[in-house]
Amino acid sequence: ELLESEMVHFARALRPHPMTLQQILHLTDPAALRTFLLEELPIRYARRVQLVESLPNWKSYPSMRMIRSLYAEAFRRLRALTQDDNEDTFRRTLQDIKRKNANMLFHVVRGARAVRTNKSFTDDQVNRFLDEFLTARIGTDILSSQYLSITRPDSPTSIINPECDPVTVVRAAANDAATLCRHHYGWSPPIDIVDVGQVRFPFISQYLNYIMFELLKNSLRAVVERYGSRQAAEAYPIRVVICGDQDTVVLRVSDCGGGIPLADMDQVWSYMFTTAKPACEEVAAANSASSESDDEDSDDDGVAPLAGFGCGLPLSRNYACYVGGWLELNSIPEFGTDAYLYLNRSGNGQEALRTDIAELPVPESLLANGNSCDAGGGAPLAAEL
Ligand code: W6P
């Protein structure tokens with residue numbers, strides 16, 4: 001009860017403080033960062049709880065119940081800490097939260113797809129929910145990772161690379177994507193990396209790697225399917241251009257893989273669609289897997305998170321947008337596709353967190369009896385969490 005009302009208070013009366021990569025990069029004093037995070041993370045987790053509760057009938061979706069309870073638990077554990085606890089206690093708490101939340105992406109995308117099967121929402125609404133949720137998740141993830149990175153006993157460092165070299169990142173992503181492509185198809189099309197001028201900028205290398213790996217996989221697959229052999233594809237290399245000015249780093253990936261039908265351009269950005277398998281099959285699988293209990297950890301078998309999950313493009317754009325970047329796809333049907341990734345070079349873009357709360361409905365936990373709500377009616381659950 002105390003926890004519930006405290007979470008409501010945090011979510012409604014307090015605001016997260018959107019940061020820039022430059023600011024996070026310079027949070028290098030463990031004690032100061034801990035003081036900040038002891039206040040900031042509970043605010044952000046409480047809002048995540050409230051975001052889940054803003055979905056009508058969220059209680060009828062096992063994934064949503066699980067997500068809510070994971071964040072409520074994270075909130076509770078952080079609020080139980082005080083300034084007097086030592087750095088190690090705080091560190092272990094963050095590590096534990098991180099470990100418990102490792103499959104969050106899987107749960108929320110699956111949950112959102114299940115929500116969508118009830119007709120009370122449009123794709124647009126569910127996609128917007130996911131964009132807001134996932135952007136907020138990147139934020140807490142980076143802040144926690146920053147603390148864990150600067151307090152690492154072996155080599156304390158920042159989660160943000162102040163001198164991120166996009167060419168090095170692209171080369172690594174291209175090698176990985178080509179290896180995967182060869183594994184899958186037996187050969188892989190050529191990739192040309194055009195390095196125009198020595199760009200260095202503060203960024204999270206893992207995120208840039210994720211985005212470029214995702215784009216290159218798509219281009220490779222398109223070229224493989226269009227040309228059929230390395231020899232035939234030799235004249236149509238995938239080209240990556242890396243350049244930009246003082247303010248912006250631009251990475252363009254061009255392929256001659258036949259393009260995307262213009263009518264399909266919208267669904268490329270939807271979390272609800274996947275080229276791997278139809279979203280409805282996954283939802284069906286998810287529903288049957290979770291109808292017995294809330295144990296949804298069947299995905300946790302060491303496979304790379306979200307491999308083949310089918311929403312790499314919207315996720316990539318979400319990463320890009322987190323600090324004021326942008327990702328765009330342009331198709332020439334029957335010819336090829338250009339992907340443009342724009343990133344803020346200064347590191348001064350603020351986290352794209354929603355800081356207003358006016359539109360959020362009164363949280364259910366404030367309402368009289370717990371089993372309220374209407375709209376749709378998902379499968380009732382046997383057991384409460
Ligand atoms: C395609 C489809 C696609 C998606 C994303 C990036 C590049 C490409 N190329 O044919």
Side-chain angles (χ1 to χ4, degrees), residues 105 109 123 127 130-131 134 166-167 169-194 207-230 232-244 249-279 304 306-322 325-343:
L105 213 51
V109 171
D123 273 6
N127 284 326
L130 280 172
D131 273 328
L134 292 170
V167 175
V169 175
V170 169
R171 283 210 190 100
N175 279 334
D176 292 346
T179 301
L180 193 67
C181 183
R182 276 193 298 276
H183 179 77
H184 216 77
Y185 299 102
W187 66 284
S188 111
I191 301 175
D192 284 354
I193 299 171
V194 184
Y207 288 0
L208 182 56
N209 184 286
Y210 179 93
I211 297 169
M212 295 312 291
F213 180 61
E214 184 58 36
L215 295 177
L216 288 164
K217 275 190 302 178
N218 279 286
S219 289
L220 287 167
R221 183 170 63 172
V223 173
V224 161
E225 287 176 357
R226 190 167 171 86
Y227 296 100
S229 76
R230 170 84 195 202
E234 208 63 56
Y236 305 97
I238 293 160
R239 294 185 83 221
V240 186
V241 176
I242 300 148
C243 200
V249 180
V250 185
L251 296 95
R252 185 187 64 187
V253 182
S254 306
D255 71 59
C256 300
I260 305 165
L262 295 182
D264 295 350
M265 287 305 276
D266 276 350
Q267 74 188 43
V268 160
W269 296 115
S270 174
Y271 295 95
M272 299 303 111
F273 287 90
T274 156
T275 47
K277 35 174 168 151
L306 275 202
F309 210 56
C311 49
L313 287 172
L315 283 171
S316 293
R317 188 169 70 178
N318 193 261
Y319 281 130
C321 291
Y322 165 66
W326 187 242
L327 177 60
E328 212 167 276
L329 278 185
N330 293 320
S331 165
I332 305 178
E334 302 299 324
F335 177 77
T337 306
D338 286 337
Y340 289 82
L341 173 62
Y342 298 91
L343 298 172

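Just follow the structure's listing: the first ligand is 1, and inside any ligand the first atom is 1. Note: hydrogens, waters and symmetry copies are ignored here, and every other heavy atom, side chains too, is used.
- For atom 2 (C) of ligand 1, the nearest non-hydrogen atom from the set Asp264, Ile260, Leu329 comes from Ile260.
- Nearest protein neighbour of atom 9 (N) of ligand 1, counting heavy atoms only, is Asp255 OD2, 2.8 Å.
- Nearest protein heavy-atom contact of atom 10 (O) of ligand 1 is Ala222 CB, 3.1 Å.
- For Asn318 and Asp131, the side-chain atoms include at least one donor-acceptor pair closer than 3.5 Å.
- The minimum heavy-atom distance linking Asn330 with Glu328 is given by the pair ND2-OE2, 3.9 Å.
- Of the protein's non-hydrogen atoms, the one nearest atom 4 (C) of ligand 1 is Asn218 CB, 3.5 Å.
- Summarising the geometry of Trp269 relative to Pro314, their closest heavy-atom pair is O-CB, 3.5 Å, with the distance given to 0.1 Å.
- Of the protein's non-hydrogen atoms, Thr337 OG1, 3.4 Å is the one closest to atom 1 (C) of ligand 1.
- Atoms of ligand 1 lying under 4.0 Å from any heavy atom of Ser219, numbered from 1 in the order shown and given with element: 7 (C).
- Contacts of Tyr207 classified as ring-ring contact (aromatic ring centres under 6.0 Å, His included), with partners at least two apart in sequence or in another chain: Tyr319.
- Between Cys181 and Val224, the shortest heavy-atom distance links the atoms SG-CG2, 3.7 Å.
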